[in-house]
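Values reported hereafter were calculated over all heavy atoms of this structure, with side chains retained and with hydrogens, waters and symmetry mates removed. The shown structure was predicted, so the numbers you read here are calculated from the model rather than taken from an experiment.
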Amino acid sequence: MRLVQKLKKLANADWWHSARAACRRSFYPLPVAPFLAAVDREKFDALRERHFRPGFTTRPSKYLDLEDWMGRNVKRARNQGLRAAPPRLRVLDIGSGAGYFLHIVHCLGHEPLGLDIDEEPIFRETFAALALPRVIHRIESFQPLPDMGEPFDLVTAHLTCFNRRPDGSHWGRGEWGFFLDDLQMRMKEGGKMQFELNALRDGRHMENDLRAYFLSRGARVDRRKVYFPVPPR
């Protein structure tokens with residue numbers, strides 16, 4: 001029985017995609033130190049003074065643990081295959097939080113932009129300390145995104161929250177279809193979109209019907225991550 005389970009796992013496309021991504025990362029070292037060195041430590045020390053909580057384990061002060069969060073976001077940048085410009089990419093990060101991913105994007109010579117609500121003072125202050133641009137906007141189902149200027153080469157969203165309905169359930173085909181159609185109109189041809197979905201109440205990251213819908217739009221689904229190429233117009 002164990003052998004059968006192992007063979008099923010090996011035959012699973014998600015497993016192969018994960019293995020390939022891990023292989024690519026092993027040949028693309030991206031050290032954390034330069035991105036930490038680019039942070040204004042005086043400003044972040046002042047942030048710690050204002051918001052410190054013992055052990056950085058409670059929300060929101062945990063986001064001021066620079067070494068931990070910068071390391072997590074360097075891994076995200078490696079997963080995206082982000083390299084130093086040129087070419088210079090325009091990158092939108094939805095639900096941009098403290099801005100560490102966009103800080104890495106900026107350090108690599110690309111053009112970053114965050115999109116988020118403005119309810120967490122620490123995120124407001126970290127964006128200011130990192131000197132990053134941010135658009136304040138709450139994403140609503142069946143409502144277009146705001147005007148954000150030139151089209152994007154890459155759009156990311158890590159651990160998405162925008163796709164939750166008021167009752168706590170998650171978007172289905174209809175909401176995602178409207179959102180993706182709208183977002184694709186703001187993308188350059190050849191661009192990429194990647195969404196990392198939060199878990200549903202039952203532990204899965206998407207309903208089977210939604211997974212089938214993503215696949216029908218040409219997406220690659222790797223467990224909780226969904227990768228979309230931008231089709232030609």
Side-chain angles (χ1 to χ4, degrees), residues 21 24-25 28 30-32 34-40 69-70 72-118 120 123-140 143-163 176-197 214 217-220 222 225-233:
R24 285 196 302 268
R25 288 196 301 270
Y28 178 34
L30 193 64
V32 179
F35 305 114
L36 289 171
V39 172
D40 187 326
W69 287 96
M70 200 67 73
R72 296 186 192 203
N73 283 279
V74 162
K75 183 177 180 181
R76 287 169 174 167
R78 290 171 69 201
N79 286 337
Q80 290 290 346
L82 278 173
R83 298 178 182 271
R88 191 167 190 256
L89 307 178
R90 191 156 192 256
V91 180
L92 174 68
D93 189 33
I94 298 173
S96 44
Y100 299 131
F101 176 75
L102 291 177
H103 170 72
I104 294 164
V105 167
H106 177 70
C107 289
L108 290 173
H110 304 297
E111 181 183 348
L113 182 65
L115 178 70
D116 211 342
I117 57 177
D118 188 25
E120 182 50 69
F123 294 165
R124 187 184 313 135
E125 294 179 47
T126 53
F127 254 78
L130 295 169
L132 294 169
R134 185 171 71 148
V135 172
I136 304 302
H137 176 79
R138 183 182 295 276
I139 295 175
E140 304 281 357
Q143 296 297 321
L145 294 168
D147 182 2
M148 292 176 283
E150 295 296 313
F152 298 98
D153 299 277
L154 173 64
V155 174
T156 61
H158 305 107
L159 298 176
T160 59
C161 293
F162 66 82
N163 59 315
W176 272 107
F178 183 96
F179 174 76
L180 292 170
D181 288 344
D182 179 59
L183 187 56
Q184 284 181 351
M185 295 301 296
R186 304 160 193 274
M187 300 287 297
K188 295 179 184 177
E189 289 191 19
K192 296 185 296 183
M193 300 182 291
Q194 187 242 295
F195 305 101
E196 183 180 353
L197 306 186
F214 287 158
R217 291 190 65 124
R220 175 169 68 83
D222 180 1
K225 296 175 184 175
V226 187
Y227 302 86
F228 286 96
V230 176
R233 296 194 181 93

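Residues V39 and M70 form a side-chain contact, since some pair of their non-hydrogen atoms from C-beta on lies under 4.5 Å apart. Residues Q143 and D182 have side chains not in contact (no heavy-atom distance under 4.5 Å, counting atoms from C-beta outward).
Here D222 contributes atom CG and E196 contributes atom CD; the two are 10.0 Å apart, rounded to the nearest 0.5 Å. Distance CG/L130 to CZ/F35: 13.0 Å, rounded to 0.5 Å. In this structure, the separation between CG on L30 and CG on L82 is 8.5 Å, given to the nearest 0.5 Å. Interatomic distance, F214 CZ to L180 CG, rounded to the nearest 0.5 Å: 6.5 Å. Note: L92 CG to T156 OG1 = 7.0 Å, rounded to the nearest 0.5 Å. To the nearest 0.5 Å, atom CZ of residue R134 and atom CG of residue D116 are 6.0 Å apart.
Checking side-chain atoms of H110 against main-chain N and O of R83 turns up a donor-acceptor pair under 3.5 Å. Between the side chain of H137 and the main chain of L145, no donor-acceptor pair closer than 3.5 Å is present. Side-chain atoms of R186 never come within 3.5 Å of backbone atoms of F152 as a donor-acceptor pair (strictly under, hydrogens ignored). Formation of a donor-acceptor pair under 3.5 Å by the D153 side chain with backbone atoms of R90 is found in this model.
Screening D93, I139, V155 against L115 for a side-chain contact (heavy atoms from CB on, under 4.5 Å) leaves a single residue, I139.
For R217 and D181, the salt-bridge test passes: some basic side-chain N is under 4.0 Å from an acidic carboxylate O.
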Candidate pair F228 and W176, rule ring pair (Phe, Tyr, Trp, His ring centres under 6.0 Å), full reasoning: CA-CA 12 Å; F228 286 96; W176 272 107; 7.4 Å; no

Residue pair R76, N79: steps toward the side-chain hydrogen bond (donor to acceptor under 3.5 Å, both in side chains) verdict: CA-CA 5 Å; R76 287 169 174 167; N79 286 337; over 6 Å; no

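In this pair, F179 and F162 present their aromatic rings tilted. The plane angle is within the 30 to 60° band.
Pairing each heavy atom of G218 with each of P229, the nearest pair is O-CD, 3.4 Å. Residue V105 comes nearest to P112 through the heavy atom pair CG1-CB, 4.0 Å, listed as atom of the first residue, atom of the second, then distance. Across every non-hydrogen atom of S96 and G114, the tightest pair is OG-CA, 3.5 Å.
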